Each structure stands twice: as C-alpha cells, then as structure tokens.
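It should be emphasised that the depicted structure is a prediction, and the values quoted were computed from it without experimental measurement. Numbered from 1 within each chain, the chains take letters A, B, ... in sequence-line order. The figures that follow rest on heavy atoms only: side chains count, while hydrogens, waters and symmetry mates do not.
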There are 2 protein chains.
Amino acid sequence: MLDLAVLAVIARGETYGYRISADLQEAGLGSVKGGTLYPLLARLEETGAVVTTWREGESGPGRKWYAITPEGRARLHDDGERWHAFASLTTTLIPDAVATGDPR
Amino acid sequence: MLDLAVLAVIARGETYGYRISADLQEAGLGSVKGGTLYPLLARLEETGAVVTTWREGESGPGRKWYAITPEGRARLHDDGERWHAFASLTTTLIPDAVATGDPR
DNA sequence: CTATCTAGCTAGGAAAGCAACCTACTCACT
DNA sequence: AGTGAGTAGGTTGCTTTCCTAGCTAGATAG
C-alpha cells in the first residue's frame, strides 16, 4: 500500500528519496523511515514503475532522482482503483459495526 | 488492518471462525485463510478484545464462539477512526496524482 | 468405505515495516 | 581545528503479518 502512496508522490513530478519522505510526512502519513523507503524505491525501480538518474548536488550530497514511467502510471491507476474499492468496503463495514452494537 | 475487519464482524453479533471467514468473503474482502484467521483470532483473545466459549455442535463439529468485549468495542471505535482517517488521506492523495500528470 | 463439508488449528516461509546504524558531504558555530 | 546539525543515501537484523500447505475430527452423502 505504501508503494502506492510513494508512487503517487513521484507521479506529481520528478523528486528524490529524502524529499518523498518529507512529502509523505507533510501529507499526514507519518514519517516513513529509511529502512522502509529505500527498499521500497528499489522495488519500484526493479519492477519498472520508475526510472532513476543520479545528479551531483550543487550544495550537499548527490541525489537520486526518481521519475514515473508509463508502466508506473498504469500501475498507479489500477492499484489506486483497487485500493479505493478496498478502502470503501472497510470504511463502510467498520462504522456499521460500531453503530450496530454501540450501547452508549 | 484485517484485525479491524474481523473485529467489526464479531461486533455485529456473536459468531465463530468459519462463519467469519464466510462473512468477510461475502463482504468482498476476499477469502481469509485459516492460517491467517485463527492466529488473528487468538491475538484478539489474548489482547482482551474478544472472549470465547466452546460449544458442542448439535450437528457437525464443535464451534468456538467469539463475542466482543467492551475493550474490543473501544478498540474498534478508536482504530476504526484512525483507519478511516488514513483511508481518506490516501484516497485523496492517489487520484490527485493520477489526474496531475495523466496525458491521455 | 470413501469423499466432502464443516470446523478448528499448526508449521514453515515470504514479504514488509521498523529501529538502529553507517557513510559522506556541507555549513555554522566555537 | 573540531564539533554538531542538516541533507542524502543506504544496510542489517528483528518482528509482525499473511499465505500455502497440511493435519485432526465429526457429520453426511454417495
């Protein structure tokens, strides 16, 4: 699922790992740790959802830039819909149950 | 997360493992396997979210009935809200990104 | 008497996340 | 000159979760 969120961030424009982490945090998804993010990004690259280019930093260390591919965009679209369907299902199932037997 | 869905099903009324599995399937969450469900139910019981009573079957094998506790209901309420918030965040993040750069 | 359905459970392995740690570069302050 | 903070990338090892596969056992149908 996090894969999807990261892919969504990359889809908004070419970016790099450290900033993706900051963006996710800002979006309210909490701090995604390095041990989570970098293996995840490597998976996205392996499966062809993104491509990377290394660029030396004018100031600070070099950055690995990630750009989404057409395959990545297709995956974002499809998995996004499946995620949406799943989220809808659960968010109806759960409050229903809370209401059903809630004796307050 | 599945914990939450199972807890939601139990909250609708006392039930047993095999039927929970069928209910989840019917709800559209796919078939939850025994190797997933029974350890999960054991966790729910260990953490006090549910209590169990064993009843011999009039027809067929005995069944272990699961009933939700007040603690379980509180957890369903709290975790349900957190899940809802999370689902809302992601479902806005993802279609936004799909729309942003979609060049069809 | 075997097959199938109901019902519960275990064992083993794969995947994902997390905490902790490491490298390396830049800049500011001391 | 040295220390610390911030930026940026990465690895290692642990734990949890889920799945596949299998087991036990009662009831029922062929």
Side-chain angles (χ1 to χ4, degrees), chain A residues 1-10 14-47 49-67 75 79 82-83 86 89-90, chain B residues 1-10 14-47 49-67 75 79 82-83 86 89-90:
Chain A
M1 196 279 117
L2 243 191
D3 299 39
L4 212 52
V6 170
L7 200 53
V9 170
I10 299 175
E14 200 180 18
T15 184
Y16 54 92
Y18 197 79
R19 194 161 77 181
I20 292 170
S21 173
D23 286 356
L24 289 174
Q25 178 118 42
E26 201 188 335
L29 295 185
S31 77
V32 178
K33 308 305 154 82
T36 303
L37 184 62
Y38 291 111
L40 189 162
L41 287 169
R43 284 199 298 276
L44 288 181
E45 191 183 4
E46 272 164 35
T47 56
V50 298
V51 286
T52 62
T53 38
W54 178 268
R55 295 191 198 132
E56 290 299 325
E58 318 85 49
S59 77
R63 291 169 179 168
K64 200 184 216 175
W65 290 79
Y66 293 84
R75 180 169 156 193
D79 289 8
R82 289 201 296 116
W83 169 252
F86 177 77
L89 274 174
T90 54
Chain B
M1 197 279 117
L2 241 192
D3 299 40
L4 211 53
V6 170
L7 200 54
V9 170
I10 298 174
E14 199 179 19
T15 185
Y16 54 92
Y18 197 79
R19 193 160 76 181
I20 292 170
S21 173
D23 286 356
L24 289 174
Q25 178 117 43
E26 201 186 338
L29 295 184
S31 78
V32 177
K33 307 302 154 81
T36 304
L37 184 60
Y38 291 110
L40 190 161
L41 287 170
R43 285 199 298 274
L44 287 180
E45 191 183 5
E46 272 164 34
T47 56
V50 299
V51 286
T52 61
T53 39
W54 179 268
R55 295 192 199 131
E56 291 299 326
E58 318 85 48
S59 78
R63 291 170 180 167
K64 200 183 217 177
W65 291 79
Y66 293 84
R75 181 170 155 194
D79 289 7
R82 288 201 293 117
W83 169 253
F86 176 76
L89 275 174
T90 52

Query raised in the report: For the atom pair CD1 (Ile20(A)) and OH (Tyr38(A)), what is the distance rounded to the nearest 0.5 Å?
Result: 8.5 Å
Query - Spacing of Leu44(A) atom CG and Leu37(A) atom CG [to the nearest 0.5 Å] - result: 9.0 Å
Report task. Hey, could you give me the CD/NZ distance between Glu45(B) and Lys64(B), rounded to the nearest 0.5 Å? Result -> 5.5 Å
Report task. State, yes or no, whether a side-chain contact exists between Phe86(A) and Met1(B) at a heavy-atom distance under 4.5 Å. Result -> yes
Query raised in the report: Which whole-number value in Å describes the distance from Leu37(B) CG to dA21(D) P?
Result: 18 Å
Query raised in the report: Nearest heavy-atom pair of Thr15(A) and Arg19(A): which atoms, and what distance?
Result: OG1-NE, 3.2 Å
**Report entry** Residue-level proximity of residues 22-30 of chain A to DNA chain C when a heavy atom falls under 4.0 Å
**Finding:** none
**Report entry** Where Ala27(A) and Leu89(B) come nearest, the two heavy atoms and their spacing
**Finding:** O-CD2, 3.1 Å
Report summary line: Rounding to 0.5 Å, atoms CG (Leu2(B)) and CG (Leu40(B)) come to a distance of 6.0 Å
Query raised in the report: Whole Å only: how far is the CG atom of Leu44(A) from the P atom of dA16(C)?
Result: 11 Å
Query raised in the report: Got Asp3(B) and Arg75(B) here, is their nearest side-chain heavy-atom distance under 4.5 Å?
Result: yes
Requested in this report: List the protein contact pattern of nucleotides 9-20 of chain D with one symbol per nucleotide (5' to 3'): B for base contact, S for sugar-phosphate-only contact, - for none; contact means a heavy-atom distance under 4.0 Å.
Outcome: BBB-----SSBB
